[in-house]
Amino acid sequence: MASCRHGETLPLRQVEIAGGFWRDKTELIRREVIPYQWRAINDRVEGAEPSWCMRNFRIAGRILRGETERAVKPENEFRPLPADPGRPEATFYGFAFQDSDLFKWLEAAAYSLTQYPDPELERLADGAVDLICAAQREDGYLDTYFTIRDPEGVFTDLRDRHELYCFGHLTEAAVAYWQATGKDRLLNAARRYAGYIAGRIGPGPGQLHGYPGHEIAEMALARLYEATGERAWLELAKFFIDERGRRPYYYDREHPEGAGDPAAERYQYQQAHRPVREQDEAVGHAVRAMYLYSGMADVARLTEDEGLFEACRRLWSDVTGRKMYITGGVGGTVHGEAFSHAYDLPADTAYAETCAAVGLVFWARRMLQYRPDSRYADVMERALYNGVLSGMALDGKSFFYTNPLECVPEDCRRDQRKAHIRLVRQKWFGCACCPPNLARLIGSVGQYAFTRAGDRLYLHLLMDAAVTVDGVRVEVSCGMPWDGAGTIRIRGLERGRRLELALRLPEWTDHFSVDGGTYQDMEDWIARGRAAEEGYLLLELEADRDVPFAFSMPVRFLRANRRVREAAGQLAVARGPIVYCLEEADNGPELHLLRLDPTGPTETERAEICGERIVAVTTAGVREADEPEGALYARHRPEEPTPVRLRWIPYYTWANRGENEMRVWCRSL
Ligand code: FUB
Ligand code: ZN
């Protein structure tokens, strides 16, 4: 194996999710989620918000073939519009970025086909590719919103209209589909569109010096470059990153009405208030931020730009050290779907959009690729098992857009400040960015578990999986996320060759056994002559063998930094990578009356929720008496609350048993 400084992901077809938790999840994506989402984007789910996504593609294709008249240029609208009752067939419906739903679906289908060949799914996906290609203009431009509603408006509003966002998703899908099937029709469509963009936007005279209002094109272009070796795409990604936030602001030219005081910082919402290298605080729309930082990490790696990576590291510290929920959710406020200020992490009004947690996983993997450090993988794992998975029902057929850490149904129904919180997962959304985003991430989870750097194979996430690297098969079997023990089997390592395994020491373990020895912590491992680097245990292998491991998985009571006012005096429960919550279905209503006793006995128990095998946790606690008839205020007198056992379930499984109360943080005794 050649030596290389940065990490590469393994092609998905080289990673076989062999069993266990993630096999169940990728099977669910194949069996339920992909077919369900296909019906949703085809408007065939009864009672769900219509998507109109596929219809938009058909209409755009007909317009380009001259079979349908174009709809009248609309007002500068950015919200869903009803179909024009007079000419329903010629009207665009939905958000300006509705195309991206099909692109994400296709990307998820590609990952599924890589792991589970399925001629029927491939036929559907091929049909979708045809539909997309039929909506591409001769010059390469491809966006149904503009083709149907506003052809003169192309690239006149990079800030708000999402063309480059849709392009990014198209490109991600195109690369994935080509890698899955070897079919390059969509890849070529994406390359043609990329070429059109590179002609219109860039540093040259007469070009627009603009950049995406909603990021993702940056990482998609980096991916297109890696897939094709065509340098132009990396240059364009770098241009977008370097141009962002430069003065005078590009968006002021598009929106002169907003341009005022030249000294004032604008465009924080789009992370375009300052050049990205000067940014050290995560601000604005959380999903955009996650995608931008992912693209920055990609470009830093592909251009050996240490300064750009340094900016990523500063932003990482701000997000994960001050602005991330314990579930790995990000985005503390509904206003602008954005980051709030440091340590402002309200539980019951949290936004924590599913896409933002998905984006945090993307970013963490890219940080690991640039320079492995187990802290990135700890966050990646936290987001994946909690803030991401909570976005989908256990049956794969309904979804959360926002992921609060506390919910009282009556309160959510009556309080406008919580109007964004749903009590149960929804069949679909007018703005359906999250469901297919989840599908594409879970469907490619194998690409987050392992990376390689030269002769070294990194195991970032433990899961039942087998990977083949240069003819050497590495098989991991374990009971994650419920049990931290297992075995790594190495087969096919011939005499004279070597393979180094870098096994992450997870933050959640108390002590561990690896390769025959038992250790207290990393210091102990190093003191006893074993090698390590940035939180990874290094194991040098020169022949086939089995490496047993066991990471202890105690129940942990966690508190937040004391600056997190919303969690003051409260504790959360976690075990392994799983964050737990209390639900009314197990503990009765008025969960705020419960208090946790962290000194009392704690039990774990294998259980099931709606067919999902989990480990539930029971802890000691008390319940204070409810007093609906009592005075609103009364003199304090010491009281003896009733001892109770508190039953905790994995956060990601909440709201699968109907509407009910839930909370992650619980007052402590
Ligand atoms: O704007 C596209 C997507 O829709 C964003 O990423 C989400 O936050 C939602 O607003
Ligand atoms: Zn979303």
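Nothing fancy with the numbering, it's 1 onward along the sequence. For clarity, every value in this text was computed on a predicted model and none was experimentally measured. Read the numbers this way: they start at 1 and go in the same order the structure lists the ligands and their atoms.
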May I ask you to check whether Tyr165 has an N/O atom sitting below 3.5 Å from an N/O atom of ligand 1?
-> no
Report, in ascending order of atom number, the atoms of ligand 1 lying under 4.0 Å from any heavy atom of Val287.
-> 6 (O), 8 (O)
Applying salt bridge (Lys or Arg N to Asp or Glu O under 4.0 Å) between Asp43 and each of Arg55, Lys427, Arg58, report the one that passes.
-> Arg55
Nearest-0.5 Å distance that lies between atom OG1 in Thr320 and atom CG in Leu360 = 8.0 Å
Only counting residues at least two apart or in another chain, list the ones meeting side chain to side chain contact (heavy atoms under 4.5 Å, CB included) with Glu265.
-> Arg247, Tyr249, Gln268, His273, Arg274
State, without any angle test, whether Ser51 and Asp101 hold a side-chain donor-acceptor pair at a distance under 3.5 Å.
-> no
So for Phe95 against ligand 1, with non-hydrogen atoms under 4.0 Å, the contacting part is neither
Per-atom filter on ligand 1: closer than 4.0 angstrom to a heavy atom of Glu353 are 7 (C), 8 (O)
What is the name of the N/O/S atom in Glu353 that sits closest to the Zn ion (ligand 2)?
-> OE2
Between His169 and Phe103, does the ring centre distance come in under 6.0 Å?
-> no
What residues, two or more places apart in sequence or in another chain, satisfy salt bridge (charged side-chain N to carboxylate O under 4.0 Å, His left out) together with Asp318?
-> Arg322, Lys323
Atoms in ligand 1 with a heavy atom of Cys431 nearer than 4.0 Å = 4 (O), 9 (C)
Confirm or rule out an N/O/S atom of Cys434, from backbone or side chain, lying less than 2.8 Å from the Zn ion (ligand 2).
-> yes
Glu583 and side chain to side chain donor-acceptor pair (under 3.5 Å): which partner among Asn660, Asn656, Thr653?
-> Asn660
Shortest heavy-atom approach to atom 9 (C) of ligand 1 - which of Phe429, Tyr351, Tyr401 = Tyr401
Can you list the ligand 1 atoms lying under 4.0 Å from a non-hydrogen atom of His162?
-> 1 (O), 2 (C)
